[in-house]
Amino acid sequence: MERSPSHAKLDGRGEEPTAQATYEMDERYDPKTIEPKWQQDWERTNLYLTREEPGRPKFYVLEMFPYPSGAGLSVGHLHNYVPCDVVGRYKRMAGFNVLHAMGWDAFGLPAENEALLKQSHPTETVPRYAANFKHQLKISGCAYDWTREINSSSPEYYKWTQWFFLMLYKRGLAYRALGSQWWCDQCRTILANEQVVNGCCWRHTNTPVSKKDLEQWYIRITAYADRLLEDLDSIDWPEPIKLMQRNWIGRSEGAELAFPVTGHPGKEVRFFTTRPDTVFGVSFMVLAPEHPLVAEITTAENRAAVERYVSEARRQSEIERMSTVKEKTGVFTGAYARNLFTNKDIPIWIADYVLMGYGTGAIMAAPGQDQRDYEFARQYGLEIPRVTAPQDGSTPPDERAFTELGVAINSGFLNGMKTADAIKAVCRYAEDKKIGKPTISYRIRDWLISRQRYWGSPIPMIYCKGACGIVPVPDEQLPVRLPTMKEYQPSGTGRSPLANVPEFVNTTCPKCGGPAERETDTLDGFACSSWYFLRFASPHEDKVPFDRKAVDYWLPVDLYVGGAEHAVMHLLYARMWTKVMYDAGMIGFKEPFPVLRNQGMVWAADGQKMSKSKGNVVTPDAMIEKYGADALRLWELFMGPFDEPTNWNEDGVAGTERYLGRVWTMVRRYVGAGAPEGNPNAETLKRAHKTIRTVTDHIERLRFNTAVATMMDQLNYLARLKPEEAGRFAIESYVLMLAPMAPHACEEMWRALGHGTSIHLEPWPRFDPELTREETVTVVVQVNGKVRDRLEIAVGTAEDEVRAMALASENVKKHLGGKEPRKVIYVPDKLLSIVA
RNA sequence: GCCCGGGUGGCGAAAUCGGUAGACGCAAGGGACUUAAAAUCCCUCGGGGGCAACCCCAUGCCGGUUCGAGUCCGGCCCCGGGCACCA
């Protein structure tokens, strides 16, 4: 912060304040008249258009763009938007070019489902709901550049979503595959793995998902797994979110090995293990029930049992399969594999605790060293060899697997090696003998992006009936427009409603001109949100998805704020697309959101989730009607820490409205006294400067609740002073600091203070560090750890002097009881601790 | 079960480089103004004791380190969130 003389006008910009107020302030603070007036004025004067003034740094503040639902915004949503608005307004005053825009995440299942429920059409409901959201944001005084409004369901936008899909395809990152996929009966569509929560659909937490085999489009996010993991270290995100991404990616190092199936020449069981050092302890193998090898190797006498088990496992929903403390179950296939390390034949079982989707869908079972294998071996009476011993020479426990690291025993050439060395030795051996190699395995799977639903961006692909196969729609034919359909209900058969529109489906092959059919699935809504943050930089660009220069200027996002519920879906996909664009040379940064914060959830007053069905939703409209937007905004900020959850309490809004009324009264008195320059004393000056320092710091650190508290504290001080005692600097800097938080009231007061231009164009007040310095401080005197006195001393008083003062204190003497101090600790200007 | 957060007055919360616990506000009580009410303003407000000066107790519980612990360490309890056989 630069120094500035306290008495001079605040900055060279704007007019010299006139002594005569040009505005009459009403006696009572009345938000109902002030707020609409200024909202209209700001709009008329284009106050919040994005500026790119040279010589100023840029700041891009972004909230996760909302799906505009029919329920409208609640006061909970504003707990995200208001703080971001304050940051945007503050940064603008602090000399930044600010980009703050809003758009609608309008494609996707929620919009479609809601329209179906209301027996309406999303092309009608989406604009209507979005208009309502926009209205609510406007009456809340949020300063967005509405000329940059975007809508992911408009052809101008989804043209580029399709374009990005094609780019991924051309880079080998989009592919079609047949797979057994999660299906939600309520959504009537396929879900990505991330969208399955506790075996249920993420939107319908009471609807267990089931599996369906369908040919689908996938995005090869696994190709970026390592980079998505590594780059987490370079970004400033809440640690829990990073951790969730790390866990989701689930990197583990180990080896992939293969054992031949006895009696089936050429057939082998390939498997991944993180503990290759335990191979000598492998006494059986387990395949996932869905493993393709199962049908080939199962012996005649075991076939019936195996088939029964497989069909049962397939029928089980995920929720059953994951149910807690389930006993291990499995069936022997009758086949054996050769453990190439022990040269023994070991039985091959199938069991549902081995998942087809992870690793190779097969494991080597080392029951002595793995608890799950141990339980399985116990259950079926299989051998449990011990091949790792504790490092300290103690005996390993008998009643469980010894899973810790240690020293290899009963392990041929590994004997005596520490686990880490043994792992390396096995890898080397496996590579020499060509039976395996070191491998890294990931939990993350590719992103399934197809949806069998109407309300989404059509996937721009064509299937040639001739010889061309799958052909991407040429860029110049984009967008593939979503046809208007009256009846767009999902069929439930697994086919998209678009399949029922022959004019859409039937087309010609872009390559050979012969007959062809279009892909009828639509893109997952998360495709839209994987690049929208780029679009705000040049929202009307129609030749390319974004203007490179605009993106180079504005991106990456300086502050991204949204709910923690997007920890692994949206935030992972958006990061991946960004990296792909970086690789394609389209952008110059690898991470879209270097700084992320999660706003805390606002629960209803009853502690429950705000929902229409519970009838506990509080709307900003109602609060604004009752208390005004500025009071609502202040309470959103003051309620509690911005990133922590809290319960709604309407009484608080009444409190902040009362506060604004007191500010109003103070300014009105000051204006009424002729807005004097004043003659503030040192204390008043110091308080004014310290308030600027503290409030600035708190806003920078997103500590809005304490910023408001500091403002209230300062009001309590200033309100007791006569206008000339307060003086112009204290009053005007106060109103300026309040302006981002209570923009309407402050605009009104600013004009009344004699300024002809908007307060929101004014520079942020500066403080003089020299004037914030304290001359005296309170030093706490402790005797045996308890506070016994407080001393007012001059800053920097010598220890001897402080000690003498302390020892002279009656209360200190009393508690010393005549004893000599054994030890004295002095923390300069803070505390003197006497041990007797 | 494992991994993250978090437990401070009647309530929302401040204070975390170890140094005055409860700033700021809400609610409550008392008072002023008013014919009255609303609004506004003033006072009190963690618990206990004392006329007072002051004293004792108190940041989920138990222990530890320290001159000094809401803050650090160990063990537990409760609440919220995430993951859930990942080989």
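Per chain, numbering begins at 1; letters A, B, ... match sequence-line order.
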(request) State whether a side-chain donor-acceptor pair under 3.5 Å links A/R662 with A/N716. (result) yes
(request) Looking only at side-chain atoms of A/V780, point me to the closest of B/A13, B/C67, B/U20. (result) B/U20
(message) Looking at A/R270, I'd like to know whether one of its side-chain N or O atoms comes within less than 4.0 Å of OP1 or OP2 on B/A87.
(response) no
(message) Taking B/C26 as the reference, what is the distance to B/U44 when you measure between their P atoms (whole Å, please)?
(response) 16 Å
(message) At 4.0 Å (heavy atoms only), tell me whether A/P645 reaches a base, stays on the sugar-phosphate, or touches nothing.
(response) sugar-phosphate
(request) May I ask which nucleotide in the shown strands pairs with B/U8, Watson-Crick or G-U wobble, both distances under 3.5 Å? (result) none
(request) Please measure how far the P atom in B/A84 lies from the corresponding atom in B/C78, and state the result in whole Å. (result) 24 Å
(message) Within the 4.0 Å heavy-atom criterion, would you say A/S252 contacts the bases, only the backbone, or no part of the nucleic acid?
(response) sugar-phosphate
(message) Could you tell me how far B/C4 sits from B/A69 if I compare only their C1' atoms? Round to whole Å.
(response) 24 Å
(message) Does the plane of the ring in A/F376 sit parallel, tilted or perpendicular to the ring in A/Y353? Use 30° and 60° as the thresholds.
(response) tilted
(message) Side chains of A/R803 and A/V824, heavy atoms from C-beta outward: is any pair under 4.5 Å?
(response) yes
(message) Applying the Watson-Crick and G-U wobble criteria at under 3.5 Å, what pairs with B/A27? Answer none if nothing qualifies.
(response) none
(message) I want to verify a distance call: between B/A23, B/A87, B/C3, whose nearest atom is closest to the A/L243 side chain?
(response) B/C3
(request) Name the nucleic acid region contacted by A/D370, choosing base, sugar-phosphate or nothing; use a 4.0 angstrom heavy-atom cut-off, strictly under. (result) nothing
(request) Test for a donor-acceptor pair under 3.5 Å between the base of B/C54 and the side chain of A/K814, counting only N and O atoms. (result) no
(request) Kindly indicate whether the side chain of A/E239 and the base of B/G5 share any N or O donor-acceptor pair separated by less than 3.5 Å? (result) no
(request) Please state the P separation for the pair B/G46 and B/U59 - nearest whole angstrom. (result) 16 Å
